Protein chains: 2
Amino acid sequence: MDISEIAKQTGVPASTLRFYEEKGLIKSVGRSGLRRVFAPSALERLALIALGRAAGFSLDEIGKMFAPDGKPRIDRRVLSDKAAELDATIRRLGAVRDSLKHAAVCPAPSHMECPTFRRLLAIAAPGAVDRKVGRTSSKKPGVMAVSKARRR
Amino acid sequence: MDISEIAKQTGVPASTLRFYEEKGLIKSVGRSGLRRVFAPSALERLALIALGRAAGFSLDEIGKMFAPDGKPRIDRRVLSDKAAELDATIRRLGAVRDSLKHAAVCPAPSHMECPTFRRLLAIAAPGAVDRKVGRTSSKKPGVMAVSKARRR
DNA sequence: GTAAAACCTCAAGTCAACTTGAGGTCAAGA
DNA sequence: TCTTGACCTCAAGTTGACTTGAGGTTTTAC
């Protein structure tokens with residue numbers, strides 16, 4: 001299969017496939033003239049890569065999950081940890097979604113005056129609301145900074 | 001309140017607060033000498049910003065959600081749409097998590113040989129598995145590319 | 001036989017959201 | 001007084017994952 005065939009079937013652009021090959025994430029089985037030739041197994045490999053990306057692994061991390069022989073050799077512990085992390089992310093996103101939905105219908109003049117909204121916000125953006133001020137205050141900062149997820 | 005007080009209470013670094021001010025996302029009420037002075041309402045504003053970020057809005061989008069007077073003026077439609085988008089993301093992440101969990105325990109020699117894994121993968125990374133090959137084939141590419149989420 | 005399409009390499013550019021660094025100001029404590 | 005530390009500005013750098021572009025070759029279509 002040539003690069004455009006892989007691109008067509010996976011939706012991954014040819015430029016990305018070349019980039020992945022350069023990074024060692026996929027391999028072509030040879031060349032036909034200049035052109036790369038891929039085995040169909042590249043499709044599976046790309047599916048695994050897509051899964052890894054969706055789970056929040058970096059390309060470098062994903063690269064290390066394949067043994068030099070090409071077979072996936074994955075640390076089960078790492079997977080479980082990531083699954084747990086995803087669980088937390090999912091819960092937080094649920095609160096975010098609920099906050100959004102609530103804000104979309106809540107008639108309160110200012111959302112911050114709405115107890116429901118504040119409660120959701122406390123989960124969605126921990127540390128952002130209701131911290132007591134000063135008073136020889138607690139050193140621990142609230143983490144308003146958005147934690148982890150991924151874009152582009 | 002000075003910038004370090006805000007930073008301490010929200011966990012957002014001072015450099016980020018200056019950056020946000022420059023972008024028009026937050027405002028200081030004045031200066032004490034060189035130093036910015038913030039009203040406590042900045043904390044609420046930052047909570048809203050954190051929510052927006054968590055929901056996947058860009059800083060520019062968030063900026064447009066505040067009227068010039070400072071009050072949030074939010075398009076309910078936009079919120080509902082984003083909530084729906086989050087719903088989809090949450091479902092997909094659930095499948096990703098399940099794939100990971102399964103891969104962590106599945107004894108199959110190659111994960112791709114495991115039907116359960118393949119089924120989950122089909123949801124986690126749509127288009128990645130089981131597409132029929134060629135045959136005057138369908139033009140639509142599978143989108144193996146990771147869609148949306150956020151990191152950093 | 002010739003031109004357009006499809007591929008190639010390699011270097012450089014892009015994007016968002018910040019961070020870092022150099023160089024400077026200012027108030028408070030020893 | 002002096003020096004430390006918290007703050008300031010503005011420009012430039014960082015990160016990860018790609019994309020784009022220039023310049024070149026090959027394959028396919030007429």
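Every chain is numbered from 1 and lettered A, B, ... according to where its sequence line falls, protein lines coming before strand lines. All of these numbers come straight from a predicted model, not from anything done at the bench. Note that these values count all heavy atoms, side chains included, but never hydrogens, waters or copies made by symmetry.
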Please tabulate, one pair per line, all N/O donor-acceptor pairs under 3.5 Å involving side-chain atoms of residues 95-108 of chain B, not counting sequence neighbours.
from: Arg97(B); atom 1: NH1; to: Asp87(A); atom 2: OD1; distance (Å): 2.7
from: Ser99(B); atom 1: OG; to: Ala95(B); atom 2: O; distance (Å): 2.8

- Pairing annotation in dot-bracket form, given for DNA chain D with Watson-Crick or G-U pairs under 3.5 Å and | for cross-strand partners: ||||||||||||||||||||||||||||||
Would you mind reading off the distance between [X] atom [atom1] and [N] atom [atom2], rounded to a whole angstrom?
| X | N | atom1 | atom2 | value |
| --- | --- | --- | --- | --- |
| Arg36(A) | dT25(D) | CZ | P | 17 Å |
| Asp60(B) | dC15(C) | CG | P | 12 Å |
| Leu46(A) | dC18(D) | CG | C1' | 15 Å |
| Arg31(B) | dT25(C) | CZ | C1' | 12 Å |

- Query: Which comes earlier along DNA chain C counting from the 5' end, the contact point of Phe38(A) or that of Leu34(B), where each point is its nearest nucleotide?
  - Reply: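 It is Phe38(A) whose nearest nucleotide is closer to the 5' end.
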- Message: Within residues 14-26 of chain B, which residues have any heavy atom lying less than 4.0 Å from an atom of DNA chain C?
- Response: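 Those residues are Ser15(B), Thr16(B), Phe19(B), Tyr20(B).
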Partners passing side chain to side chain donor-acceptor pair (under 3.5 Å) against [X] (at least two apart in sequence or in another chain):
| X | result |
| --- | --- |
| Lys64(B) | none |
| Asp75(A) | none |
| Thr16(B) | none |
| Lys71(A) | none |

- Keeping to residues at least two apart or across chains, list the salt bridge (charged side-chain N to carboxylate O under 4.0 Å, His left out) pairs with something in residues 102-116 of chain A.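 Salt bridge (charged side-chain N to carboxylate O under 4.0 Å, His left out) check on residues 102-116 of chain A returns no pairs.
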Table of protein N/O atoms under 3.5 Å from nucleotides 4-6 of chain D N/O atoms:
from: dA6(D); atom 1: N3; to: Arg35(B); atom 2: NH2; distance (Å): 2.7

- Query: Which is true for Gly33(A) with a 4.0 Å heavy-atom rule: it touches a base, it touches only sugar-phosphate, or it touches nothing?
  - Reply: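 Touches sugar-phosphate only.
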- Message: Filter on ring-ring contact (aromatic ring centres under 6.0 Å, His included), then keep only pairs touching residues 2-41 of chain B, sequence neighbours left out; what's left?
- Response: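 Checked against ring-ring contact (aromatic ring centres under 6.0 Å, His included) - neighbours excluded - no pair reaches residues 2-41 of chain B.
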- Item | Gap separating the CD1 atom of Ile74(B) from the CG atom of Leu79(B), nearest 0.5 angstrom |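 It is 5.5 Å, given to the nearest 0.5 Å.
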- Whichever hydrophobic residues join Val37(A) through chains of side-chain contacts under 4.5 Å: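 Joined to Val37(A), directly or through intermediates: Val29(A).
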- Grab the two heavy atoms, one from Ile6(B) and one from Ala42(B), that are nearest each other, plus how far apart they are.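 In terms of heavy atoms, the two residues are closest at CD1-CB, 4.2 Å.
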- Message: According to side chain to side chain donor-acceptor pair (under 3.5 Å), does anything in residues 24-42 of chain A pair up with another residue at least two apart or in another chain? List the pairs.
- Response: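 Non-adjacent pairs meeting side chain to side chain donor-acceptor pair (under 3.5 Å): Glu21(A)-Ser28(A), Glu21(A)-Arg36(A).
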